[in-house]
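Scroll down for the structure; my scribbles are underneath it.
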Amino acid sequence: MRAEDELNFLRGKDQEALDKAGIRTVGQLLDWLPKRYEDRRQFDSFPAQAGGDALCLRGKVIDSMRKRLGGGRGFYEVVLEEQGGNFFGGGTVACRWFNLPFVHRMVAVGHEVVIYGRVKEVGGRLVIDHPEFEVVEAGVGSIHLDRIVPIYRGLSGLPQRRLRELIWDACQEVEPDSLQATYEVDASYPRLEAYREIHFPEALEQAEAARRRFALEEFFQIQIQVLWRRQHHRQQEGRIQGKSTGLLTEFYRALPFDLTDAQKRSVKEIIADLRQPRAMSRLLQGDVGSGKTFVAMCSMLMAVDSGHQAALMAPTQILAEQHWLTFRRWLTPLGVKVGLLTGNREEEADGADILIGTHALIYERAEFERLSLVVIDEQHKFGVLQRGRLVKQGQTPDVLVMTATPIPRTLTLTLYGDLDVSILDERPAGRGKIITGVRVKPKVTEVTKFLKEELGKGRQVYLVYPLVEESDSVKALSAVTEFEKWKKRLSRWEVELLHGQMAAEEKESVMARFRSNEAQVLVATTVVEVGVDVPNATVMIIWNAERFGLAQLHQLRGRIGRGEHKSYCVLATDGKSGLEKLEVMAATDDGFEIADADLKLRGPGEVLGTQQSGLGDLRFVDFLADVELIRESRRLAEELLERDPQLEGYPALRNIAALGKEVSGC
Ligand code: ADP
Ligand code: MG
């Protein structure tokens, strides 16, 4: 049989069950991976008490009964006896299945079974409810016993045993040459062998080695797409710019502080790119507060100095306006024209040297004739597609993407793998410390007292709430309601409200008052999450902090600790959930550590949104553990593209690579 063969040679019933799970070919059957393994050479002994980890037990059914409860609910119970192992009189365990009318037809007195589940105590007896179970028959060379046995995610209508047999058969009979990958990442370890070892390993290390082999294949396919895209972008002719540095020098001179070494290094790397005839595509990665804006400013000045235009795209209106203010403050004195273009505001956009805007930029007006550099701030807020969209305007401008989302390095190499990377790994000197504390149900009077102290010292405060308005369905505090209370509690200071449902002008005027310290307290929702920069604000209290994700909390906290004063972040929670992630926040302010924890707690699909990331189909990879594999796959992909840049010898792979290009829009 061959991998591409349909499964219609199977019994109708089996085929139907597989078909329902989307398994139609021999290859797909082989790709149905075990969810775990049971070592059936050595079973656990029958328990003497409840509790502990799940156990894997082997025993004989000595009794069975079906019981009806009230309300039509029924259950089936069997009593299992340990065989031979327990010479103090044989342990027993009862197993119960509720509302599963089929189980009694499958397990009966006299059967030998293997069960897997957690033991609890019910009415003085040891019981396992809803164990995974399998009837076994001892026999020579059985694949179900006396070995490490794969356990699959159940398929309705197809017992474990049967599924295991089908996969075993496929492993034995499939033609090795039909299992060829689009590209052989490891010729010394044939795929057939890896399939046999991932399904029926002789040791668990073998299964892990096989998983890694397949993971390498998956990463390789991503890398081929990523590098293909990069190659494609690099072939685009770009403008040579950045020869003259007059403006930049003037700008440096006017700055009251020195750029950090990391900022200088990044600017250098960018200038080197700008001077190349090919188009730049570079990622500037730096944690919140590391000073990405000034690096962008320097780069954009270089473009302007070459007689071109530069654009900066921000994810929100507030952020666009803030950038516009910052840019004007520093660049207007140098004679640089800075315009603003957002969904509902336009200032001096015509003929601007530098245009700051929201994504309205992409959709509405992109006829900048001299556009030669595009900077995209907080890339994670845009889809990959939009990045591509802007790049298509004009004549292949240089592109600088900036992100603070501390994404795990493994993901940087995959998601942004087509970009060159500059990293801001140091924060500007002279920053006050941030102290973070988790507080379960803090007393409002105490919080108020603390706030009054800090406000009394002249500092400013963020109070962040998960909801705009109270809601019947969500039990959490809201900005609108709490705002009224804080106005009374902190009546000596100006308290303002900021949330996403307010009109744009209103939002901007609130921000302006907070920025200029006319307002000292900002009661807000996550609209302040990204990029907002008010160095005198040193206190942030996040209410119902358990409702926010780790990345979000990190971004929020990044709003404080931006000035010389000590800052305080309080994560207030009801203590019912999410404590684990709040403790992560208290323990570290390193964005990468937080990203790793986030990935561990939620998985890559959740963290990135699988659709956007295009990482939804991966089955073998383990993003936290497989850094080395990603590097290896990148090396393999680079090697191949060097040998065969157009992948002429690998038409199937070429299709995959080109597909990636279209999907991401770059
Ligand atoms: P982010 O990387 O989060 O976008 P910003 O560019 O907003 O960071 O910078 C954060 C704050 O640090 C701003 O108030 C900015 O003026 C200040 N800043 C940036 N670079 C320096 C520096 N080299 N020295 C001192 N302050 C700096
Ligand atoms: Mg920023």
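The figures here come from the full heavy-atom set of this structure, side chains too, leaving out hydrogens, waters and symmetry mates.
The distance from atom OG1 of Thr588 to atom CD1 of Ile594, rounded to the nearest 0.5 Å, is 5.5 Å. Taking CE from Met402 and CG from Leu424, the interatomic distance works out to 9.5 Å, rounded to the nearest 0.5 Å. Rounding to the nearest 0.5 angstrom, the gap separating the CD atom in Gln322 from the CG atom in Asp377 is 9.5 Å. Here Trp493 contributes atom CH2 and Asn517 contributes atom CG; the two are 12.0 Å apart, rounded to the nearest 0.5 Å. Rounded to the nearest 0.5 angstrom, Gln552 CD and Lys581 NZ are separated by 9.0 Å. Going from atom NZ of Lys457 over to atom OG1 of Thr538 covers 8.0 Å, rounded to the nearest 0.5 Å.
Between Gln460 and Val534 the shortest heavy-atom distance is OE1-CG1, 4.0 Å. Of all heavy-atom pairs between Leu556 and Met540, the closest is O-CE, 3.1 Å. For the residue pair Ala476 and Leu467, the shortest heavy atom distance occurs at O-CD1, 3.5 Å. Met302 and Arg275 make their closest contact through CE-NH2, 4.4 Å (heavy atoms, listed as atom of the first residue, atom of the second, distance). Nearest heavy-atom pair across Thr342 and Thr358 is CA-OG1, 3.5 Å. Between Val438 and Leu582, the shortest heavy-atom contact is CG2-O, 3.6 Å.
Salt-bridge annotation for Glu482 and Lys485: present, with a side-chain N of the basic residue lying under 4.0 Å from a carboxylate O of the acidic one. Using a cutoff of 4.0 Å between basic side-chain nitrogens and carboxylate oxygens, Arg265 and Asp425 are scored as salt-bridged. Ion pairing between Glu446 and Lys449 fails under the 4.0 Å rule for side-chain N and carboxylate O. Looking at Lys507 and Glu321, no side-chain N of the basic residue comes within less than 4.0 Å of a carboxylate O on the acidic one, giving no salt bridge. Under 4.0 Å is where a charged nitrogen must lie from a carboxylate oxygen, and between Arg562 and Asp533 at least one such pair does. Using a cut-off of 4.0 Å between Lys/Arg side-chain N and Asp/Glu carboxylate O, Arg515 and Glu508 are scored as salt-bridged. For the pair Arg513 and Glu496, the salt-bridge criterion is met [side-chain N within less than 4.0 Å of a carboxylate O].
Between Ile434 and Ile560 the shortest side-chain heavy-atom distance falls below 4.5 Å. A 4.5 Å side-chain heavy-atom check between Met511 and Leu498 finds at least one atom pair inside the cut-off. Side-chain contact between Leu301 and Leu331: present, with at least one pair of heavy atoms (C-beta onward) separated by less than 4.5 Å. In this structure, the side chains of Leu373 and Met300 come closer than 4.5 Å at one or more pairs of heavy atoms. In this structure, Leu419 and Arg282 have side chains that are not in contact, with every pair of non-hydrogen atoms separated by 4.5 Å or more. Contact check for Val474 versus Arg547: side-chain heavy atoms found under the 4.5 Å cut-off. A heavy-atom distance below 4.5 Å is found between the side chains of Leu247 and Val336.
Under the 6.0 Å distance and 45° angle rule, Arg328 does not count as a cation-pi partner of Trp330.
Using modelled atom types, no side-chain atom of Ser306 and backbone atom of His308 make a donor-acceptor pair closer than 3.5 Å. Not a single donor-acceptor pair under 3.5 Å links the side chain of Gln263 to the backbone N or O of Val295. The backbone N or O of Gly289 lies less than 3.5 Å from a partner atom in the side chain of Arg431, making a donor-acceptor pair. At distances below 3.5 Å, at least one donor-acceptor pair connects side-chain atoms of Asp590 with backbone N or O atoms of Glu593. Side-chain N or O atoms of Glu426 include one that pairs as donor or acceptor with a backbone N or O of Ala262 at under 3.5 Å. Of the possible polar contacts, one joining the Ser567 side chain to the Gly561 backbone as a donor-acceptor pair under 3.5 Å is found. Of the possible polar contacts, none joining the Lys292 side chain to the Leu284 backbone as a donor-acceptor pair under 3.5 Å is found. No donor-acceptor pair under 3.5 Å is formed between the side chain of Thr245 and the backbone N or O of Leu248. Of the possible polar contacts, one joining the Asp398 side chain to the Met280 backbone as a donor-acceptor pair under 3.5 Å is found. One N or O on the side chain of Arg559 and one on the backbone of Gln555 form a donor-acceptor pair closer than 3.5 Å.
Atom NZ of Lys475 is surrounded by 12 or fewer heavy atoms from other residues, nucleotides or ligands within 6.0 Å. Environment of NZ in Lys566: sparse, with no more than 12 heavy atoms of neighbouring residues, nucleotides or ligands closer than 6.0 Å. The neighbour count for Glu347 CD, taken as heavy atoms of other residues, nucleotides or ligands under 6.0 Å away, is above 12.
Taking the ring centroids of Phe483 and Tyr465, they lie at or beyond the 6.0 Å cut-off. Between Phe294 and Tyr252, a ring centre-to-centre spacing not shorter than 6.0 Å is recorded.
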request  = Please lay out, stage by stage, how Val447 and Trp486 fare under the test side-chain contact (heavy atoms from CB on, under 4.5 Å).
outcome  = CA-CA 11 Å; Val447 176; Trp486 285 114; 4.0 Å; yes

Practice prompt. Would you check, one step at a time, whether the test side-chain hydrogen bond (donor to acceptor under 3.5 Å, both in side chains) holds for Thr260 with Arg427?
Written response: CA-CA 7 Å; Thr260 64; Arg427 296 198 197 178; over 6 Å; no

(request) Dump the intermediate steps for side-chain contact (heavy atoms from CB on, under 4.5 Å) on Arg278 and Asp273, then the final yes or no. (result) CA-CA 8 Å; Arg278 58 171 177 73; Asp273 276 357; 4.3 Å; yes

Inset, instruction - Run the numbers on Asn344 and Gln317 for side-chain hydrogen bond (donor to acceptor under 3.5 Å, both in side chains), then give the verdict. - result: CA-CA 9 Å; Asn344 44 26; Gln317 169 106 11; 3.0 Å; yes

Check your understanding: Step by step, would you call Val532 with Ile318 a side-chain contact (heavy atoms from CB on, under 4.5 Å)?
Key -> CA-CA 8 Å; Val532 169; Ile318 290 184; 4.0 Å; yes

Might you work through the side-chain contact (heavy atoms from CB on, under 4.5 Å) test for Leu522 and Val461, ending with a clear yes or no? CA-CA 6 Å; Leu522 196 62; Val461 166; over 6 Å; no

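Of the N and O atoms on the side chains of Thr573 and Glu546, at least one donor lies less than 3.5 Å from an acceptor on the other residue. Side-chain N/O atoms of Asp353 and Gln309 include no donor and acceptor closer than 3.5 Å. With 3.5 Å as the limit, one finds no donor-acceptor pair spanning the side chains of Asp305 and Gln241. Residues Ser422 and Glu269 bring a donor and an acceptor atom of their side chains to less than 3.5 Å of each other. There is a side-chain donor-acceptor pair under 3.5 Å between His554 and Asp287. Under 3.5 Å, the side chains of Thr481 and Ser478 contain a donor-acceptor pair of N or O atoms.
The only member of Val570, Val523, Leu477 that meets side chain to side chain contact (heavy atoms under 4.5 Å, CB included) when paired with Trp543 is Leu477. Among the candidates Val267, Leu312, Thr326, the single residue satisfying the side chain to side chain contact (heavy atoms under 4.5 Å, CB included) test with Met297 is Thr326.
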